Amino acid sequence: MLYSNIHYIPCVFTCTPVKSVTVERAKSTLKLVKNEWKNKMRHCNMGTRKNDDDESVGRQAWANTMCTKNSGKCTLPPLPRDRWIPPGALVRRCGISYASSNSYCTQPRTQRRGGISFDRGDQSAVYVRMLGDMKMRSRQDYKSERRRTSLPDIDLKLLDRLSQRETKLKFGSRFLSLHKRRRRPRPTMKLAAECIALLDAHYNGQAQCMLAHAGEWSFNIFTFDTLTNGRPLLHLAMHLFHEYDLIQKFHLDVIKLMTTFTLIEDGYHDSNPYHNAVHAADVTQAMHCYLQEEKLRKTVTPFEVMVSLIAAMAHDIDHPGVNQGFLIATANHLAALYDNSSVLENHHWRSAVGILTETKVFAHLGRDLIQSIEDQLQSFILATDITKQQDFLNRFKKCIDSDVFDYVNNEKHRHFLLQIALKCADISNPCRVWDISKRWSERVCEEFFRQGDYERILHVPVTPLCDRYSTSVAKIQAGFLDFVVGPLFSVWLDFVQSRKAQGILDNIQINKSRWKEIIHKDDKQNESEEDSDDTDLEVSSDIFATANEDSHGDIDSTELSDTVEESRLPLTFGSYEEEEELIRNAGSRRGSGRSLPPVHEVAENFTFLNERRHSLPHLCLRRDIMNVTIHRDTFLRTRFNRRSSLPTAMIQQATSLDKLTGRFSMFSTDYIVKSKKSFSMEELMTRPKVSNLSPCYEASRLASGYFTFTEPGYFSSRTGRRKSGGSSHSGSKISLNSNPQSVNCLDIENCDPDNESEGCEKLVGTDCQREANIGAKQTLLAFQQNQNCLNKLLNHNSSRNTRKDHLDKTSHTSFNCNSSKQTDVHLSDEGKGLQPSGLENKLTNSRNINLDVGFPPHSKDIVLNLPKNTAQTTGLS
Ligand SMILES: Nc1ncnc2c1ncn2[C@@H]1O[C@@H]2COP(=O)(O)O[C@H]2[C@H]1O
């Protein structure tokens with residue numbers, strides 16, 4: 001398409017392409033646009049130019065500037081109709097002209113950047129082109145421009161990222177959260193489209209009915225969630241504000257109030273099984289129940305009611321579905337931001353305050369009251385930190401026994417009481433009637449187990465409570481009721497002395513005994529399964545024996561037992577310590593691998609069985625394979641060195657995790673094929689998250705990157721740099737260049753090359769953020785735990801020089817080599833002969849090595865030489 005420069009108009013207004021219009025229409029459109037532009041130009045030049053002389057002077061100056069700017073060469077001389085616009089006017093209107101665009105660009109422009117174009121070729125279309133926008137300018141001069149502002153460097157970096165389109169799309173999350181929220185499909189959405197009136201009347205009627213019983217402990221929040229079409233918090237909150245007459249008392253704007261509640265509700269992640277908006281609504285309803293207790297109802301002020309209700313609503317806002325320990329272990333920016341203390345709770349209250357500020361719902365109440373609301377919100381939400389449970393309980397016990405505790409007259413004492421009430425509400429789900437409580441228990445445990453899965457994959461220690469293979473919902477619940485819920489609610493009952501509280505305590509007893517029954521049943525079942533496994537094993541042997549006798553009769557008993565054993569434990573696969581652990585975990589749920597189903601649990605993909613056991617009748621093999629659990633083929637064939645007989649629970653989990661992540665997981669077929677891709681916490685979580693935008697994003701990626709298997713021949717996902725070298729060399733060659741991305745992220749100081757045990761543990765920040773250091777430190781520590789080879793390598797005699805010369809500098813590089821055979825591997829700096837034999841030893845035992853060594857950017861490349869045969873086995877060439 002030829003864009004002529006006729007009718008060039010150097011300003012930006014919203015113009016849209018006009019497609020395939022007739023010539024007449026095109027011309028008239030052009031005329032219209034021209035006129036409109038003329039008017040606008042006249043208008044915008046008004047007041048900035050006194051007369052035509054001014055214009056000509058300005059134009060001349062502008063033309064001169066252009067020429068000089070482009071080193072005396074005028075690439076695009078101004079045309080007669082080009083207008084001179086004072087730069088001030090352009091900036092005000094976010095406009096950019098030929099002149100201004102050039103003035104902002106360092107490179108001379110060879111084409112006009114916009115205007116109205118007329119395609120003379122086909123005479124059929126008029127294009128109104130948008131002129132260049134402000135982005136180009138912001139790319140070029142962003143820093144220098146912004147630097148004039150008072151924004152600190154971190155914010156500038158953040159803004160820089162945000163200004164990039166890709167980042168914008170990926171991380172456009174509102175609450176700086178780990179996940180982006182995705183609203184559930186509303187239960188009634190489909191129906192609503194069909195018969196909206198009927199549905200409204202029906203559901204609203206029922207929802208209203210339920211709200212009339214909002215103060216009862218048997219309130220079913222799940223039903224209410226359905227009836228309110230997935231908006232339980234908004235409806236409940238509005239109802240309660242009406243019921244307590246808070247709207248009237250505080251002259252609240254209903255629209256602002258609704259906006260506030262909607263934002264709070266939207267701030268919860270529906271992808272969390274437990275920490276979602278339904279949980280928030282549940283806690284709010286429980287809080288309402290406690291506020292109805294006589295001792296509180298008669299004493300608390302409307303202001304306290306209002307703040308405590310908002311606290312209940314927002315107490316878990318933007319919860320990522322993982323706990324504080326996880327955030328710390330994965331060097332999340334929130335952990336660094338809040339000094340690893342009440343990380344989530346701090347984030348919750350700040351998010352809540354952010355919403356209130358944004359909606360200005362309390363703006364009319366004055367500064368003092370707003371400040372008071374914010375302070376109280378903070379202290380309420382921080383009190384929900386479960387790690388402070390014992391402190392609060394002890395204080396509460398003391399208060400009840402003490403005469404000094406005057407909650408009627410003392411505002412602070414009342415505040416403490418409300419904190420306890422909120423804490424009770426937060427963990428009240430196991431105190432509901434069995435059906436509701438069970439549902440919550442399953443949800444909360446599912447969330448724990450998901451975290452455990454993430455931890456397993458990220459190779460951080462699995463939190464015992466989150467390990468789905470070593471604990472169960474029933475066990476978690478029994479423990480939680482015994483040690484956390486029971487003690488708190490019995491003290492609560494002591495204080496409120498009400499029938500409702502007594503009912504709650506009764507529920508606790510009932511639920512506890514039911515969970516204990518389930519534990520008992522499970523144990524019995526497991527015992528009987530273990531017995532039946534033994535029997536199965538014998539039966540399987542019998543089947544094989546009979547089948548073989550029937551068909552060939554040439555298989556001896558040794559071979560038979562081999563068959564059984566081999567099919568349970570395929571030995572042909574590589575030995576990954578990590579996967580071994582996974583298998584161990586998988587088997588440990590029922591105590592031992594013996595409880596796992598026998599022969600027929602071999603994956604159907606394991607065709608070696610078919611190939612090897614010639615002596616087995618075809619039919620017999622077929623029958624075997626038909627019994628295979630269908631999902632088995634999604635497991636890592638090459639990564640399980642022992643057996644494929646994983647419990648069904650794990651297989652199911654694999655699929656659900658797959659769905660959960662929506663990307664590759666280690667259980668997916670994709671992963672088997674491509675395999676060995678680095679992945680981090682960010683990638684495992686359901687959504688893109690703004691943690692990616694945080695200053696220590698690199699650090700957290702760094703943290704996770706080291707535990708991963710990088711693609712053979714690639715250094716790491718961070719560097720994105722391919723292996724170098726080739727077959728012309730005596731062996732494969734991997735260059736370890738310094739990684740510029742790592743510069744300033746990690747600084748290892750005081751690496752004493754003569755002290756082998758000390759290693760490089762002391763991390764001191766230089767130019768980098770403190771958060772980055774935290775992440776980096778965790779990286780290194782975890783790395784050292786997981787990969788002993790680092791120390792072996794670093795402490796080796798022959799590598800001392802390397803350390804001395806290079807490692808105590810700034811930048812870091814990780815690389816990966818992969819070998820299944822014993823290999824001759826040398827680490828050298830381009831022939832200088834630094835050969836750590838520790839690496840050799842490690843390669844004997846391991847298929848995969850990650851090494852982390854630091855090199856200053858200016859150091860010579862370090863070369864890892866792999867003999868040719870190694871290269872072949874590792875896929876390096
Ligand atoms: N039914 C439950 N079983 C086990 N833990 C629970 C249960 N309900 C709540 N919790 C825990 O109690 C914690 C209270 O604070 P959080 O909401 O941050 O996280 C909650 C869970 O970790």
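Predicted model, so just to flag it, every value in this text is computed and none were measured. Read the numbers this way: they start at 1 and go in the same order the structure lists the ligands and their atoms.
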Pull out every atom of ligand 1 sitting under 4.0 Å from any heavy atom of [X], numbered as shown with elements.
X      : value
Ile427 : 12 (O), 14 (C)
Asp316 : 17 (O)
Pro430 : 1 (N)

Legend entry - Gap between atom CG of Leu236 and atom CE of Met313 - 0.5 Å precision: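 So the CE of Met313 and the CG of Leu236 are separated by 7.0 Å.
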Legend entry - Interatomic spacing from CZ in Arg514 to CG in Asn507 - rounded to 0.5 Å: 11.0 Å
Legend entry - Asp426-ligand 1 polar pair, N/O distance under 3.5 Å: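 Yes; the residue has a nitrogen or oxygen that sits under 3.5 Å from a nitrogen or oxygen of the ligand.
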One thing to verify: whether [Y] and [X] come together as a salt bridge, which I'm taking to mean a side-chain N less than 4.0 angstrom from a carboxylate O.
X      : Y      : value
Glu265 : Arg231 : yes
Lys475 : Asp522 : no
Lys438 : Glu442 : yes
Glu446 : Arg450 : yes
Lys423 : Asp385 : no

Legend entry - Any His275 heavy atom less than 4.0 Å from ligand 1: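 Per 4.0 Å heavy-atom rule, His275 contacts ligand 1.
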Inset, instruction - Give the contacting part of Asn323 toward ligand 1: side chain, backbone, both or neither, where contact means a heavy-atom distance below 4.0 Å. - result: neither
Inset, instruction - Just let me know how Val484 lines up against ligand 1, side chain, backbone, both or neither, with a heavy-atom cut-off below 4.0 Å. - result: neither
Legend entry - Top protein contact for atom 8 (N) of ligand 1, by heavy-atom distance: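 For this ligand atom, the closest protein heavy atom is Asn429 ND2, 2.9 Å.
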Inset, instruction - Could you tell me the residue and atom name of the protein heavy atom closest to atom 3 (N) of ligand 1, and the distance to it rounded to 0.1 Å? - result: Gln477 NE2, 2.9 Å
Legend entry - Nearest option to atom 22 (O) of ligand 1, as decided by whichever heavy atom of Tyr274, Phe480, Phe448 sits closest: Phe448
